[in-house]
Amino acid sequence: MQGSNALDNYDSKKAEKSLKMLFTDKSNEFRELANGIGYPTSNKGWELIILNFCLDFSDCFKAWSSKDNSADHMQVHKCNTMMRQIGLGKTNMTEVTHLENIAYRLAEDFKAIYKRIE
């Protein structure tokens, strides 16, 4: 995969275990988000791609909501691209917000599981 990988900030073995645990409970949310952003679930390792998307989206939310954090141009562009990907083909803000909430929640749940694993 090209570009920055949000999971580079995590220990790979712990991250893999955390993803497996999260996917066990949240597979429907993973599939719904993948479908919502147009990513095929037939590809090998699609869960990892979706998790990376979620972690990036969580970082975007922090950049948007923090008064102290000034995002660089590349961060702003990446966040706008993600918003475009989420919103593409949606007919109302409720659909967009629903997918945003899934992405944010999956990222936060992953981080919580990751912290608990030794």
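Every heavy atom of this structure was used, including side-chain atoms; hydrogens, water molecules and symmetry mates were not. Predicted model, so just to flag it, every value in this text is computed and none were measured.
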Where the side chain of Asp59 meets the backbone of Lys62, is there a donor-acceptor pair that is under 3.5 Å apart? no
Over all atoms of both residues, closest heavy-atom pair of Tyr114 and Asp11: OH-N, 2.8 Å
May I have all residue pairs that pass ring-ring contact (aromatic ring centres under 6.0 Å, His included) and include part of residues 76-101, sequence neighbours excluded? none
Answer whether the closest heavy-atom distance between the side chains of Thr41 and Asn35 falls below 4.5 Å. no
Could you give me the CA-CA distance, side-chain angles and deciding distance for Ile37 and Ile50, then say whether side chain to side chain contact (heavy atoms under 4.5 Å, CB included) is met? CA-CA 9 Å; Ile37 64 173; Ile50 297 302; 3.9 Å; yes
Mind checking salt bridge (charged side-chain N to carboxylate O under 4.0 Å, His left out) for Glu16 and listing every partner two or more places apart, or none if nothing turns up? Lys20
Under 3.5 Å, side chain of Asn52 to main-chain N/O of Leu7, donor-acceptor pair present? yes
Applied to residues 11-64, the disulfide bond (SG atoms under 2.5 Å apart) test, sequence neighbours excluded, yields Cys60-Cys79
List the atom pairs, with distances to 0.1 Å, where a side-chain N or O of residues 100-107 and a protein N or O form a donor-acceptor pair under 3.5 Å, not counting sequence neighbours.
residue	atom	partner	partner atom	Å
Asn101	ND2	Thr97	O	3.3
Arg105	NE	Asp109	OD1	3.3
Arg105	NH2	Asp109	OD1	3.3

Residue pairs passing the salt bridge (Lys or Arg N to Asp or Glu O under 4.0 Å) test with at least one member in residues 32-51, sequence neighbours excluded, are none
Residues in side-chain contact (heavy atoms from CB on, under 4.5 Å) with Asn9, at least two apart? none
Test of understanding: with salt bridge (charged side-chain N to carboxylate O under 4.0 Å, His left out), list the residues that count as partners of Lys17, not counting sequence neighbours. none
Cluster check Leu33, Leu88: I/L/V/M/F/W/Y, side chain < 4.5 angstrom: no
Taking only residues at least two apart or on different chains, which pairs with a member in residues 38-60 satisfy ring-ring contact (aromatic ring centres under 6.0 Å, His included)? Phe23-Trp46, Phe57-Trp64
Smallest heavy-atom separation, Tyr10 atom then Ala15 atom, equals CB-CB, 4.1 Å
Checking Asn80 now: which residues fulfil side-chain contact (heavy atoms from CB on, under 4.5 Å) with it, not counting sequence neighbours? Val76
Among residues two or more places apart or on two chains, list those pairs meeting disulfide bond (SG atoms under 2.5 Å apart) that have a residue in residues 82-118. none
Quick one: which residue pairs count as a disulfide bond (SG atoms under 2.5 Å apart) with a foot in residues 87-118, not counting sequence neighbours? none
Test salt bridge (charged side-chain N to carboxylate O under 4.0 Å, His left out) applied to Glu108 - qualifying residues, sequence neighbours left out: Lys111
Point-to-point distance, once rounded to the nearest 0.5 Å, from CD of Gln85 to CG of Leu99: 10.5 Å
Minimum heavy-atom separation for Leu55 to Ala6, with atom names? CB-CB, 3.6 Å
